[in-house]
Structure formats: C-alpha cells, structure tokens
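Note sheet for the following structure.
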Amino acid sequence: MKEEPSNFYEIVYKIIKSIPKGKVSSYGRIAVLAGSPRAARAVGYALNALKKDQEQEIPWQRVINSEGRISFKSDTTRATLQRKLLESEGIVFQEDDKVDWKMFGWP
DNA sequence: ATCGTGACGAACG
DNA sequence: CCGTTCGCCACGA
C-alpha cells in the first residue's frame with residue numbers, strides 16, 4: 001500500500017519534479033494534475049514557499065502561467081533568472097516573451 | 001473557525 | 001490590444 005501525499009504542497013512538488021527537462025507546464029495544469037483544477041493560485045503559493053535548498057531540487061523554473069509567460073511583476077530578478085534557466089534547457093521564448101505550448105508544453 | 005493573502009485564470013469593458 | 005475585476009483554492013495567524 002502506498003500513501004499518496006495528503007498535503008497539497010507535496011503533490012505539487014512531486015508533479016513539478018516529474019516535469020522532464022526541456023519542457024514546461026503551467027500553474028493551472030499542475031493544479032489539475034494535483035486534483036484541484038481551480039487551485040492554480042495555491043500552486044503558486046506552494047512554489048513561493050520553497051526553501052533555497054528546495055529550489056535546487058525542484059525545477060520551479062519549468063512552471064509558468066497559462067499564457068506561456070513568466071508571471072512575476074515586481075521581481076524581475078527572478079523572472080530573468082527563470083528565463084535564463086529555461087533557455088539553458090532549450091526552451092525558446094518567442095518575440096512576445098511567450099513559450100510555444102505545442103513545442104514545450106507538458107504533459 | 002474566520003480573515004487575509006498570493007509565482008493564477010478567465011471574463012469584461 | 002490592454003488594464004481591471006472577480007472567483008477559485010490552500011495556508012498561516
């Protein structure tokens with residue numbers, strides 16, 4: 001018998017860890033996979049609570065919003081870092097700063 | 001238990 | 001097209 005993680009955070013983290021390199025997913029998408037289709041905000045909340053050592057373990061950069069874009073408003077530093085990391089993995093941002101879901105979307 | 005908050009999403013004007 | 005508003009869910013105080 002295996003116990004599924006009861007905490008929403010754990011489920012979210014587990015899903016994010018399973019995102020293959022070179023692919024990206026969205027908050028809403030993660031929420032659906034976690035069993036709560038409307039909990040996109042909670043997903044973002046979970047990632048915001050990541051510790052520094054967790055950031056090394058969890059590919060948080062592969063999670064973007066439904067538009068295929070990076071959400072940050074007041075944290076351009078993180079946004080730039082995220083984009084940089086994704087580009088290092090082969091993700092291509094279009095001129096609109098958007099990612100093509102057909103090419104890099106996961107699942 | 002209730003309230004406020006947030007790395008969202010979809011709808012509206 | 002853009003900016004704004006409302007609704008959604010989970011967590012911490």
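Each chain gets a letter, A, B and so on, in the order the sequences are listed, and its residues count up from 1. Keep in mind that what you see is a predicted model, and the values were worked out from it rather than measured.
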Test your reading of the model: is there a side-chain donor-acceptor pair from [X] to the backbone of [Y], 3.5 Å cut-off?
{"X": "Q54(A)", "Y": "L47(A)", "answer": "no"}
{"X": "R62(A)", "Y": "I19(A)", "answer": "yes"}
{"X": "Y13(A)", "Y": "L50(A)", "answer": "no"}
{"X": "N7(A)", "Y": "Y9(A)", "answer": "no"}
{"X": "W106(A)", "Y": "K21(A)", "answer": "no"}

Q.
Categorize N48(A) for me: base, sugar-phosphate, or nothing, with a 4.0 angstrom heavy-atom threshold over every strand shown.
A. base
Nearest-Å distance, [atom1] ([X]) to [atom2] ([N])?
{"X": "R29(A)", "N": "dA10(B)", "atom1": "CZ", "atom2": "C1'", "answer": "16 Å"}
{"X": "Y13(A)", "N": "dA10(C)", "atom1": "OH", "atom2": "P", "answer": "15 Å"}
{"X": "I30(A)", "N": "dA7(B)", "atom1": "CD1", "atom2": "C1'", "answer": "12 Å"}
{"X": "L50(A)", "N": "dA10(C)", "atom1": "CG", "atom2": "P", "answer": "18 Å"}
{"X": "Q61(A)", "N": "dA7(B)", "atom1": "CD", "atom2": "P", "answer": "18 Å"}
{"X": "E55(A)", "N": "dA7(B)", "atom1": "CD", "atom2": "C1'", "answer": "11 Å"}
{"X": "Q54(A)", "N": "dA7(B)", "atom1": "CD", "atom2": "P", "answer": "19 Å"}
{"X": "D97(A)", "N": "dA7(B)", "atom1": "CG", "atom2": "P", "answer": "20 Å"}

Q. Under 4.0 Å between a side-chain N/O of S66(A) and OP1 or OP2 of dC8(B), yes or no?
A. no
Q. Would you call L86(A) and F104(A) a side-chain contact if the rule is heavy atoms closer than 4.5 Å?
A. no
(Q) Within the 4.5 Å heavy-atom criterion, are S25(A) and I15(A) side-chain neighbours or not? (A) no
Q. Is the shortest side-chain N to carboxylate O distance from R83(A) to E87(A) below 4.0 Å?
A. yes
Q: Indicate yes or no: does E67(A) engage K98(A) in a salt bridge with an N to O separation below 4.0 Å.
A: no
Q: Could you list by number each residue of residues 34-41 of chain A showing a heavy-atom separation from DNA chain C of less than 4.0 Å, or answer none if no residue does?
A: S36(A), R38(A), A39(A), R41(A)
Q) Starting at the 5' end of DNA chain B, which residue's closest nucleotide do you reach first, A42(A) or N65(A)? A) A42(A)
Under 3.5 Å, which protein N or O atoms sit close to an N or O of nucleotides 11-13 of chain C? Give each pair with its distance.
none

